Amino acid sequence: MSSNESNTVSSSASFATEFPKQYRPSDHEPRVWEQWVAAKAFHADPARVLSGEAKPYTILIPPPNVTDRLHLGHALNNTLQDSLTRFYRMKGFEALWMPGTDHAGIATQAVVEKRLRASGELTGPLREKFSRDQFVEKIQAFKDEYEAVITGQLQKMGSSCDWARQRFTMDEQCATAVREAFFRLFRDGLIYRGKRLVNWDPVLQTAVADDECFDEEIDGNFYYLRYPLVHAIKSQDSQPVTWNELARRGYLGAEQHPGEEPAWITVATTRPETYLGDTAVAISPHDPRAKALKGLFVELPMVGRVIPVIEDSYVVLPEAFARNDEEKNDPKAKMATGFLKVTPAHDPNDYEIGQRHKAEIESAGNQVLVNILAPDATISDKHGWSDVGSAHVFVGYPRERARKEVVAAFKAKGLLEAIKPHRHSVKHSDRSKAIIEPYLSDQWYVKVKDPRLAKAANEALHEGKVTFHPARYAKTYEQWHDNIRDWCISRQLWWGHRVPVWSFSTGVHTLNDLTQLRELEETGRISQGLRSPSLEEVVTSTVPDKLHSICVRVESDHEAIRAIEAMGFVQDLDVLDTWFSSALWPLSTLGWPGTDAEQAAGGPDLLRAFNPTSTLCTAREIITLWVSRMVMFNRYFFGEAMGKGPVPFRDVFIHAVIQDGQGQKMSKSLGNGVDPLDIIATHGADALRFTLCHMATETQDVRMPVDLICPHTSEVFPPKMIQNKDGYTVPAPIQTSPKDPAKKMVTGYGVASGEAKATADMPLARNTSSKFDLGRNFANKLWNATRFALSMLEANGKQESNQTNKQSASATTPIDVKSLAMVDRWMLSRVATQVRTAEAALTSYQFADHATALYDLAWRDFCDWYLEAIKPTVGASTAQRAVLAHALEAIVRALHPTMPYVTEVIFERLRTIKTAPIQGVTMIASRKANLLCSAGWPEFGDALIDPAAELAFDRVRTLVTAIREVRAQYNVPPKRQITLHLPDVKQAAAVEDGVGDDAAHALVRTLAGVGTITTQAAKISVAFAFDGAEWRLSDLTDAVDAASERTRLTKAIADLDKSIATLDGRLSNPGYADKAPAHMVQQTRDQLNKAKAERDAAKNTLEQFA
RNA sequence: GGGCGCAUAGCUCAGUUGGCUAGAGCGCGGCUGUCACAUAGCCGAGGUCACUGGUUCGAGUCCAGUUGCGCCCACCA
């Protein structure tokens, strides 16, 4: 160290100021962060990778939604990513952690809309108040706000992202990637427009994905409606079918009805209003009535539409006709009539049935799809329903009102058979909470069923290109692709990437237009898809699609856009599903597709250097939505491989989900979330991180009991819990201060549920968890261990530098480990072992094991034993000081990935300490600004692992513990020096082996408060068993109490007898000696002999007290 | 309906290929104001490893089944 540094730190005044007794994170974290940023410590250099100088290690952040602040789940996710990134950076990899956020289409739009409504800025329909551009501007402002919040949270946590490269899924670079990807899929025929049933949110007036819906049980009814049976096809001369006629046809039960009256069949439905769109009635082919109805039709009341009775095995037989127990036990059989109304435009299953029976339905003169609803879910005759008949009375009603009116109309005509209450789950929209309407709509699809997409994704798994950790999640991934459906990518929103397709539905092209389009297509600026029409087709109007669609490749190609718009093409109004841009994350963040020159070189430098990335670190619910799609897209787009390209990441690590103390998901509505910034404020970022790592086990879920911080007293306490109406266990809305019952506070649940409001007298109590004390205490422990170590190293180091000049100090020959004392060899061996354990744990994503290994090493081995053991000797031993410095530095380095701040602060001081190097220990210096974050991971050679020293120290440790136990029983004051009497030499061959030498004796003296060690017997002494022999202690107290000594020994004998019985039993089992491995048997014998010897010794002693 | 996970000390969790006299942290009880750290140290109490069977010399661990809790996917007239 330089002399001025040494002077600064050695002056006691500054030591106390700079090293207070407690580690205070807020004193250091902002400053350390600034140092990292100033040094550009997290900026990755692709050139080092491309030149072969360093291997890449890459993680792409799962971009958090800009809808809200980050919660503890994010904190866990990002802590793990940062730990990995920092670890590999220290291992010498060129580490890139790419940060960014996601625009989260529907979620963000809904949040902003809600905000505007809450503030009163928006009252009526959105589209009346704002133009598209105006509203997008509002969202943009909101996005900027939350992106900044999120970035701040990540940075406060110490996330070592390459912040200069931060991306947003809707920024220009990502938009370019989205456009290019869409273009290529469109060109290759993998994007198509389809009329399909989607989950329609009538409030937001948009299609929503399945995962944007939730199921909720509601009390509804089954309505039993009668549909009259008729003969003829055309409604105007449809002839009623009489019961007599049905009876002649052999219809079961027809004779029970008045013969000359018109016959009917009964359908059961929960949504009677949809009858307006019925285009068939289905019956099971196994229904005994089916044969009699062949060729008959029903006429829909009021509408007058005549629709066929068709046979489809999807229909459940009513209980009475069930053919077996399985059918009988089908819950639907209880409610079923055997007739299913088929409404293809308003029910997904009916849609399938409609497709299967297209011909029959159309032969009745009807379309398969009759859409009776407007986008706002009112009954409408403007969206595909023309044969309204007298049903026009329903037009214009919202669906709820229409339901009542339809039921009333059936009742009035005597066609309502029954209403039975029925509780069933109904799909609701996450965002608007409205009931989802299955709705027929034009949508864009990606044909992921194409083998170049789905199959390529599974091949990546089967060929071992992608590996899941834990492995079980591979199954989820695989099965998803086996059953994949085409991916609907259009959303009727304003916030998102516009669908880059222009359509032409009316008018006529001129030959000039067509020639121009052809030119644009041939130069790669537009695509008309696989079915790009020939000139002849267009001119003769035989274009396959009525809608002729064009994708424009580049957003800024205004010339092409102007040209096609002039021809009458209009851009699609929809935006793309958020996951479309997320799926491109591994490409877009790394600069794909790049300039022409970059493309010629195989892609931009970043892309070539860092894709495939190393690890994707995410939660399990996203395997299908995101992981799968990234694999498909990367393999399809990267290079010209079309499904054979590289995977986007090699490892997928799925971490646990954090739940609250009741095993419930943390959510806003339950008010059980914990803000990472609150934890950073009270415990520090390292505590947050270490604790999260410590709980990151391989299970699916981990629990984090949530406590409250009393806003009056700052006390942390577990809240009083209640059951809410949905059955969740939640903190009571109002809580009482544990210290002062007069003071109250409201909880997050109270506010979220609207049951309580924060006021000046009754402030909001923030959530925390006492679990984070673990990390805070550990950081403090490290801090204090460092204080002690530095006081030893600096005090003595100064003396050394006075005696020797710097040159000779730095030229010191490395210390040979063999020359070290046992305790030092033990310490180095422990460090070597545990650092390797920690490393192995981290590389296999066992974060909890990683944290535990280093916790035990630092706290148990280093602080509890090593520091205590060397106190008397370290001042006089240069070699021991070297071991102390190296051990501490290794621990600090190894902990850096999980506790970056406190370790950086410690390292700042530690690195100035000069001691002799130790053979076999390599700690590579920092690459950037002397910062630990770019220094090397501690490497300990095999020679440092010393089983003999570990064994020897363990024996000392056991002996010391045994002595301490006696001391505690006798209440010996800590400072009182006692006398240890070694056992009879004959009894204790073991004494010579490990605990018999002077070094061991010295350790026992230090650690167990022993003054004298003697082989002589004492008159008044207390015996204890160790290593199969009887050892004795004297000078514990002035007099030994015979009664309590008898109690103690009696208990010890009982314990030993118990284990003797166990061991005896094992050995006397005839099979044991024969079949168990020899070393096991021998070990059991040794244990038995030892226990017996100890028991006998204890008995002897007991007799003396008798 | 298909897939997956969990059940071990009062609480939160470890426990790798069966060898265990079942561990850790917190909490609990006792002692300690000590000089790195009271966010600490030392000592201690606390467990029929959900249940039932099976395999084995030996089961917390493997197999079969049961019960309870949870998650994902599909479906929901």
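Within every chain, numbering begins at 1; the chains are lettered A, B, ... in the order of the sequence lines, protein sequences first and strands thereafter. Hydrogens, waters and symmetry mates play no part in the numbers below; they use all other heavy atoms, side chains included. Quantities reported herein were computed from a predicted structural model and do not represent experimental measurements.
- In this structure, a donor-acceptor pair under 3.5 Å is present between the side chains of A:Thr729 and A:Gln723.
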TODO: Could you walk me through whether A:Asp861 and A:Arg957 pass salt bridge (charged side-chain N to carboxylate O under 4.0 Å, His left out), step by step?
DONE: CA-CA 11 Å; A:Asp861 292 333; A:Arg957 186 147 57 171; 3.2 Å; yes
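- Spacing between atom CZ of A:Arg976 and atom P of B:U34 amounts to 19 Å, rounded to whole angstrom units.
- Protein atom CG of A:Asp312 is 13 Å distant from nucleotide atom C1' of B:A77, rounded to whole Å.
- As a whole-Å value, the separation of A:Asp350 CG from B:A77 P is 8 Å.
- At the phosphate of B:C4, OP1 or OP2 sits under 4.0 Å from a side-chain N or O atom of A:Lys475.
- No option in A:Phe19, A:Tyr901, A:Phe788 other than A:Phe19 meets the ring pair (Phe, Tyr, Trp, His ring centres under 6.0 Å) test with A:Trp783.
- The P atoms of B:G2 and B:U66 are separated by 13 Å, rounded to the nearest whole Å.
- Considering only side-chain atoms of A:Lys975, the nucleotide from B:C72, B:C35, B:C4 that sits closest is B:C35.
- Mapping A:Thr852 and A:His422 onto RNA chain B by nearest heavy atom places A:Thr852 at the nucleotide closer to the 5' end.
- Residue A:Arg485 places at least one side-chain N or O closer than 4.0 Å to OP1 or OP2 of B:C75.
- Note on residues 1056-1065 of chain A: pairs passing side-chain hydrogen bond (donor to acceptor under 3.5 Å, both in side chains), not counting sequence neighbours, are A:Asp1057-A:Arg1095.
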Residues 770-777 of chain A side chain polar contacts: donor-acceptor under 3.5 Å, at least two apart:
| residue | atom | partner | partner atom | Å |
| --- | --- | --- | --- | --- |
| A:Ser770 | OG | A:Asp707 | OD2 | 3.2 |
| A:Asp773 | OD1 | A:His683 | NE2 | 2.7 |
| A:Asn777 | ND2 | A:Asp773 | O | 3.4 |

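- The aromatic rings of A:Trp859 and A:Phe778 lie parallel to each other, with less than 30° between the two planes, well short of the 60° mark.
- Nearest nucleotide to the A:Tyr314 side chain, out of B:G25, B:A77, B:A36: B:A77.
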Could I get a table of every N or O pair under 3.5 Å where one atom is in the protein and the other is in nucleotides 18-21 of chain B?
| residue | atom | partner | partner atom | Å |
| --- | --- | --- | --- | --- |
| B:U21 | OP1 | A:Arg1066 | NH1 | 3.3 |
| B:U21 | OP1 | A:Arg1066 | NH2 | 2.5 |
| B:U21 | OP2 | A:Arg1066 | NH2 | 2.8 |

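- If you find the closest nucleotide of RNA chain B to A:Ala789 and to A:Gln479, the one lying nearer the 5' end belongs to A:Gln479.
- With a 3.5 Å limit on both pairing distances and Watson-Crick or G-U wobble geometry required, the stems of 3 or more pairs in RNA chain B span B:1-7 with B:67-73, B:10-13 with B:23-26, B:28-32 with B:40-44, B:50-54 with B:62-66.
- In this structure, the CD1 atom of A:Ile870 is 12 Å from the P atom of B:A36, given to the nearest Å.
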Report each atom pair, protein N/O against N/O of nucleotides 37-44 of chain B, whose distance is under 3.5 angstrom.
| residue | atom | partner | partner atom | Å |
| --- | --- | --- | --- | --- |
| B:C37 | OP1 | A:Lys21 | NZ | 3.3 |
| B:C37 | O4' | A:Asn784 | OD1 | 3.0 |
| B:C37 | O4' | A:Asn784 | ND2 | 3.4 |
| B:C37 | O2' | A:Asn780 | ND2 | 3.3 |
| B:C37 | O2' | A:Asn784 | ND2 | 3.3 |
| B:C37 | O2 | A:Lys781 | NZ | 2.7 |
| B:C37 | N3 | A:Lys781 | NZ | 2.9 |
| B:U39 | O4' | A:Asn777 | OD1 | 3.3 |
| B:U39 | O2' | A:Asn780 | ND2 | 2.6 |
| B:U39 | O2 | A:Arg776 | O | 3.4 |
| B:U39 | O2 | A:Asn777 | OD1 | 3.4 |
| B:U39 | O4 | A:Gln22 | OE1 | 2.9 |
| B:A40 | OP1 | A:Asn777 | ND2 | 3.2 |
| B:A40 | O3' | A:Lys781 | NZ | 3.2 |
| B:G41 | OP1 | A:Lys781 | NZ | 3.3 |
| B:G41 | OP1 | A:Trp859 | NE1 | 2.3 |
| B:G44 | OP1 | A:Glu965 | OE1 | 3.3 |

Protein and nucleotides 10-14 of chain B: nitrogen or oxygen contacts under 3.5 angstrom:
| residue | atom | partner | partner atom | Å |
| --- | --- | --- | --- | --- |
| B:U12 | O3' | A:Arg703 | O | 3.3 |
| B:U12 | O2' | A:Lys771 | NZ | 2.2 |
| B:C13 | OP1 | A:Arg703 | N | 2.3 |
| B:A14 | OP1 | A:Thr697 | OG1 | 2.6 |

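- A salt bridge between A:Asp856 and A:Arg860 is absent, with no side-chain N of the basic residue lying under 4.0 Å from a carboxylate O of the acidic one.
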